[in-house]
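Start at 1 with the first residue, then count along the sequence.
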Amino acid sequence: MPRIASDDGLQQTHRIGGSSFNFTGVRLEDLGATEYTLVTIAVDVTGSTAMFADDLRKMLIVAIEACKKSPRSDNLLVRIVTFSTSVRGVRELHGFEPLSSIDPKAYPQFQPDGLTPLYDATFSSVGAMVQYGGDLMENDYLANGIAFIVTDGFDNVSSTSPSMIAEQVSRARREEKLESLLTILIGINASEYAHQLETFRREAGLDQYIDAGEVSQGRLAKLASFVSQSVSSQSQALGTGGPSQNIGAII
């Protein structure tokens, strides 16, 4: 795995192979467990989310806080990214960190603007998990992963493509970079793009597309619950040789 430089004493920067995308992750020597579920949540902060950006941030906070209550919380490494041309494409709020070290209330207020690099955000989400998960497995850790990409629209500016994402997904399985990998695309306020998003899911080799419906406080609370329950299920499946089998498809 390409390593670029250390951001500090705990985090190390890596480049996703075959791209210009970077990500960070805690140094392996600082990990305390022998097995981990990698969790990535990518949140759309483009201009069209302006009316509910605060609610999206609250959803993210609630999801992370709920994950902290999981009996497997010590076995979760979490990466959070936002995406929009206004944040130069894909921006890490933080790379893969132990859940215990994350204070979600410190996440900055979202400042929605710009266009939608959905493909790039998905490529970064999947590619980073494949790279980092492979590093874990090569160093005798057991690892699986789950990624959520939350968007209210469709791609209109990316440099990557669905086929490039599909290759990352295929690589994870072909080269056994992770025991299992689940990838979930979630549309919120995105009913007019349902066909395009489902087509993208299929072409990119993602596991699910879920239309979460129109934005409301109750709907986003359900989305946060879905994320935390899905993370818990995937983590509990670690060591079984396969992905979680009980993640629902309705929010």
Output for pair (Glu29 CD, Asn139 CG), nearest 0.5 Å, gives 9.0 Å
Centroid-centroid under 6.0 Å between Phe200 and Tyr119 rings:
yes
Determine whether Ile184 and Ile210 make a side-chain contact, defined as any pair of heavy atoms from C-beta on separated by less than 4.5 Å.
yes
Nearest 0.5 Å, what's the OG1-CG distance between Thr151 and Asn189?
10.5 Å
Run the side chain to side chain contact (heavy atoms under 4.5 Å, CB included) check on Arg57 and Ile61 step by step: do they pass?
CA-CA 6 Å; Arg57 178 177 173 273; Ile61 291 171; 3.7 Å; yes
When clusters are formed from ILVMFWY side-chain contacts under 4.5 Å, directly or step by step, what else is grouped with Leu238?
Met137, Leu142
Test item: Gln234 side-chain N/O and Asn144 main-chain N/O as donor-acceptor pair under 3.5 Å:
no
Can you name the nearest heavy-atom pair linking Leu118 to Ser158, along with the distance?
N-OG, 3.6 Å
Run the side-chain donor-acceptor check on residues 110-117: report pairs under 3.5 Å with partners two or more places apart or on a different chain.
none

Sequence neighbours excluded, which residues qualify as salt bridge (charged side-chain N to carboxylate O under 4.0 Å, His left out) partners of Glu167?
Arg174
Compare all side-chain heavy atoms of Cys67 with those of Leu76 and state whether any distance is below 4.5 angstrom.
yes
Determine whether Leu38 and Ile146 satisfy the following criterion, side chain to side chain contact (heavy atoms under 4.5 Å, CB included), listing intermediate values before the conclusion.
CA-CA 6 Å; Leu38 303 180; Ile146 183 167; over 6 Å; no
Please tell me whether Phe96 and Tyr132 form a close aromatic pair, meaning their ring centres lie under 6.0 Å apart.
yes
A quick test of your reading: do over 12 heavy atoms of other residues, nucleotides or ligands sit less than 6.0 Å from CD of Glu175?
yes
If only atom types and distance count, is the side chain of Gln109 paired as donor or acceptor with the main-chain N or O of Asp54 below 3.5 Å?
no
Distance check, rounded to the nearest 0.5 Å: Thr34 atom OG1 versus Leu136 atom CG?
11.0 Å
Aromatic plane relationship, Phe23 with His14 - under 30° parallel, 30 to 60° tilted, over 60° perpendicular:
parallel
Side chains of Asp211 and Ser191 in contact at under 4.5 Å (non-hydrogen atoms):
yes
Heavy-atom distance under 4.5 Å between the side chains of Phe52 and Ser216, does that happen here?
no
Shortest non-hydrogen pair, Ser225 vs Ser228, comes out as O-OG, 3.0 Å
Residue pairs meeting salt bridge (Lys or Arg N to Asp or Glu O under 4.0 Å), one or both in residues 151-165, sequence neighbours left out, come to none
CA sep, side-chain torsions, deciding dist, call: Glu35, Arg72, salt bridge (charged side-chain N to carboxylate O under 4.0 Å, His left out)
CA-CA 10 Å; Glu35 59 181 40; Arg72 295 275 298 171; 2.9 Å; yes
Working to the nearest 0.5 angstrom, can you tell me the gap between Phe154 CZ and Gln196 CD?
6.0 Å
So CD1 of Ile186 and CD of Gln208: to nearest 0.5 Å the spacing works out to 8.5 Å
Hey, are Lys68 and Glu65 close enough for a salt bridge, meaning a charged N less than 4.0 Å from a carboxylate O?
no
Considering all heavy atoms of both residues, which atom of Ser125 and which atom of Ile149 are nearest to each other, and what is their separation?
OG-CG1, 4.3 Å
Please find the pair of heavy atoms, one from Gln168 and one from Ile16, that lie closest to each other, and give the distance.
NE2-CG2, 3.6 Å
Strictly below 4.0 Å, N to O, side chains only: are Arg91 and Asp44 in salt-bridge contact?
no
Using the rule side-chain hydrogen bond (donor to acceptor under 3.5 Å, both in side chains), only one of Glu97, Glu92, His94 pairs with Arg79; which is it?
Glu92
Here the gap from Ser84 atom OG to Asp120 atom CG, rounded to the nearest 0.5 Å, amounts to 11.5 Å
Between Leu197 and Leu185, is the side chain to side chain contact (heavy atoms under 4.5 Å, CB included) condition met? List the steps.
CA-CA 8 Å; Leu197 290 168; Leu185 178 65; 4.1 Å; yes
Here the salt bridge (Lys or Arg N to Asp or Glu O under 4.0 Å) pairs for residues 223-237, sequence neighbours left out, are none
Given side chains that start at C-beta, do those of Glu203 and Thr199 come closer than 4.5 Å, heavy atoms only?
yes
Determine whether Val126 and Met129 make a side-chain contact, defined as any pair of heavy atoms from C-beta on separated by less than 4.5 Å.
no
Heavy-atom side-chain proximity of Ile80 to Ile64 below 4.5 angstrom:
yes
Testing the basics here: between Ile188 and Gly213, what is the closest heavy-atom pair and its distance to 0.1 Å?
CD1-O, 3.5 Å
Please identify each residue that fulfils salt bridge (charged side-chain N to carboxylate O under 4.0 Å, His left out) with Glu192, with sequence neighbours left out.
none
Considering only NZ, NE, NH1 and NH2 on the basic side and carboxylate oxygens on the acidic side, decide whether Glu179 and Arg173 come within less than 4.0 Å.
no
For Tyr36 versus Gly32, what's the shortest heavy-atom pair and its separation?
OH-N, 3.1 Å
I would like to know whether Thr37 and Leu77 meet side chain to side chain contact (heavy atoms under 4.5 Å, CB included); could you show each step before the answer?
CA-CA 6 Å; Thr37 293; Leu77 296 174; over 6 Å; no
